[in-house]
2 protein chains.
Amino acid sequence: MINIESKIELLKQKCSEANMRLTPQRIEVLKMIASTDTHPDAETVYEKVKEVMPFISLDTIYRTLASLEDLGLIFKVDNELPKSRYDADLSPHCHFICVKCGAVYDIHMDKSIEPPKESFKYGEVLQTNLQVKGICHKCRG
Amino acid sequence: MINIESKIELLKQKCSEANMRLTPQRIEVLKMIASTDTHPDAETVYEKVKEVMPFISLDTIYRTLASLEDLGLIFKVDNELPKSRYDADLSPHCHFICVKCGAVYDIHMDKSIEPPKESFKYGEVLQTNLQVKGICHKCRG
DNA sequence: GCTATTATTAGTAATAATTACTAATAAGGA
DNA sequence: TCCTTATTAGTAATTATTACTAATAATAGC
């Protein structure tokens with residue numbers, strides 16, 4: 001589980017550096033994503049955050065997700081599902097994605113995945129992701 | 001480069017097995033994707049196929065892409081770009097994706113990527129994908 | 001602490017990608 | 001060649017995401 005307090009602290013620091021304001025909306029959105037391992041989509045974040053901030057708009061959710069991504073606090077899970085899914089866990093891990101129900105499970109690893117040597121031929125490498133696609137037990141059962 | 005003739009032959013065989021018809025639309029869409037390494041999106045396939053089949057509809061492109069995917073002849077490239085990108089190369093390889101312009105480059109490998117052991121905990125594994133994100137030379141230049 | 005500046009937000013409209021619908025067409029088995 | 005029915009073209013509808021605007025509130029300077 002991610003330490004949410006330190007995550008908020010990091011948000012405060014990053015916002016200050018980037019001349020961005022530390023708004024309660026940003027705090028709540030980050031809290032929500034960091035407190036679950038379900039890799040929620042924008043709509044799910046919206047529904048959850050609305051419980052504590054009833055007047056937040058979906059637009060704010062999308063903008064905030066983009067901001068948090070720019071600050072490097074969260075990232076989108078690579079997938080081919082219709083909706084983008086978000087993750088606040090920056091430790092080295094990859095994902096098992098159920099192609100049937102869209103569930104995303106974390107696969108933790110002791111070290112981060114190295115990009116193949118040939119990668120550097122095409123440009124500057126920023127990140128390397130591994131996904132495992134399959135059918136989860138729930139969908140099989 | 002993919003051998004297109006054998007790809008069409010495989011389509012013929014798979015269609016027959018699945019009780020699906022071998023239509024010129026399916027042949028042309030598969031040809032188009034198999035003849036390029038640019039991993040085109042639906043719109044690009046549409047524009048290209050229209051050159052030889054001017055009356056084909058975008059709906060047919062989307063349906064055909066889904067059918068070809070079901071038959072295992074093509075697959076979607078995992079990405080977080082707004083449009084789905086298609087690939088007909090089934091040999092073991094992964095992708096370098098430029099986060100700026102959306103270009104997708106093939107990274108060929110001598111053997112396919114093995115899923116981490118922990119993957120099997122979550123369900124039946126169908127495929128394992130590796131993506132390298134970065135900024136391509138063109139966008140850096 | 002108060003004020004002014006301006007980044008950010010809520011509410012909503014617009015766009016972009018994909019999917020659904022329906023009547024007409026054509027693949028392929030009999 | 002005919003018949004059945006999967007498939008298609010054309011278009012409408014849906015879904016996810018982004019853009020717009022006036023109102024609000026975070027924070028720097030006083």
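Quick caveat: nothing in here was measured; it's all calculated off a predicted structure.
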Item to check | Protein-nucleotide distance (A:K50, atom NZ; C:dT9, atom C1'), rounded to Å | outcome: 16 Å

Checklist outcome for this item: In terms of heavy-atom contacts, B:H93 and B:F75 come closest through CE1-CZ, 4.2 Å

Next on the checklist: Please determine whether a side-chain nitrogen or oxygen atom of A:S84 lies at a distance below 4.0 Å from atom OP1 or OP2 of D:dA16.
Outcome noted: no

Checklist entry - Is it true that atom NZ of A:K31 has more than 12 heavy atoms of other residues, nucleotides or ligands lying nearer than 6.0 Å? => result no

Next on the checklist: Does the structure place the NZ or CZ of B:K50 under 6.0 Å from the centre of the six-membered ring of B:Y46, at an angle of no more than 45° from the ring's axis?
Outcome noted: yes

Item to check | CA sep, side-chain torsions, deciding dist, call: A:C101, A:K138, side-chain contact (heavy atoms from CB on, under 4.5 Å) | outcome: CA-CA 9 Å; A:C101 68; A:K138 203 176 284 176; 6.0 Å; no

Next on the checklist: Give the residues of residues 55-74 of chain B touching DNA chain D, defined as any heavy atom closer than 4.0 Å, sorted by residue number.
Outcome noted: B:F55, B:I56, B:S57, B:D59, B:T60, B:R63

Item to check | Verdict with supporting geometry, B:E28 and B:K48, salt bridge (charged side-chain N to carboxylate O under 4.0 Å, His left out) | outcome: CA-CA 10 Å; B:E28 282 307 322; B:K48 199 76 188 170; over 6 Å; no

Next on the checklist: Looking at B:N19, I'd like to know if its CG atom is crowded, meaning that more than 12 non-hydrogen atoms belonging to other residues, nucleotides or ligands lie closer than 6.0 Å.
Outcome noted: no

Checklist outcome for this item: To the nearest angstrom, the NZ-P distance between B:K14 and D:dA6 comes to 21 Å

Item to check | Whole-Å distance separating the CE atom of A:M53 from the P atom of C:dT9 | outcome: 9 Å

Next on the checklist: Using 30° and 60° as the class boundaries, would you call the ring planes of A:Y105 and B:Y122 parallel, tilted or perpendicular?
Outcome noted: parallel

Next on the checklist: Could you measure the distance from the CD atom of A:E51 to the CD1 atom of A:I56? Nearest 0.5 Å is fine.
Outcome noted: 12.5 Å

Item to check | Residues B:K14 and B:E17 bridged, charged N to O under 4.0 Å | outcome: no

Next on the checklist: Please report the distance, rounded to the nearest Å, between NZ in B:K83 and C1' in D:dA16.
Outcome noted: 15 Å

Checklist entry - In whole angstroms, how far is the C1' atom of D:dT15 from the OH atom of A:Y46? => result 16 Å

Checklist entry - Roughly how many Å is it from CG in A:L81 to C1' in D:dT17, rounded to a whole number? => result 16 Å

Item to check | Transitive ILVMFWY side-chain link A:Y86 to A:I8, under 4.5 Å | outcome: yes

Checklist entry - So how far off straight is the helix from C:dG1-D:dC30 to C:dA30-D:dT1, going by the axes through five pairs at either end, to 10°? => result 50°

Item to check | Check ion pair A:D87-A:K76 (N to O, under 4.0 angstrom) | outcome: no

Next on the checklist: Distance check needed: C:dA26 P versus B:R26 CZ, whole Å only.
Outcome noted: 15 Å

Next on the checklist: Can you build the contact string for nucleotides 25-30 of chain D? Use B for base contact, S for sugar-phosphate-only contact, and - for no protein heavy atom under 4.0 Å.
Outcome noted: BBS---

Next on the checklist: Just the rounded figure in Å: distance from P of D:dT17 to CG of B:N79.
Outcome noted: 13 Å

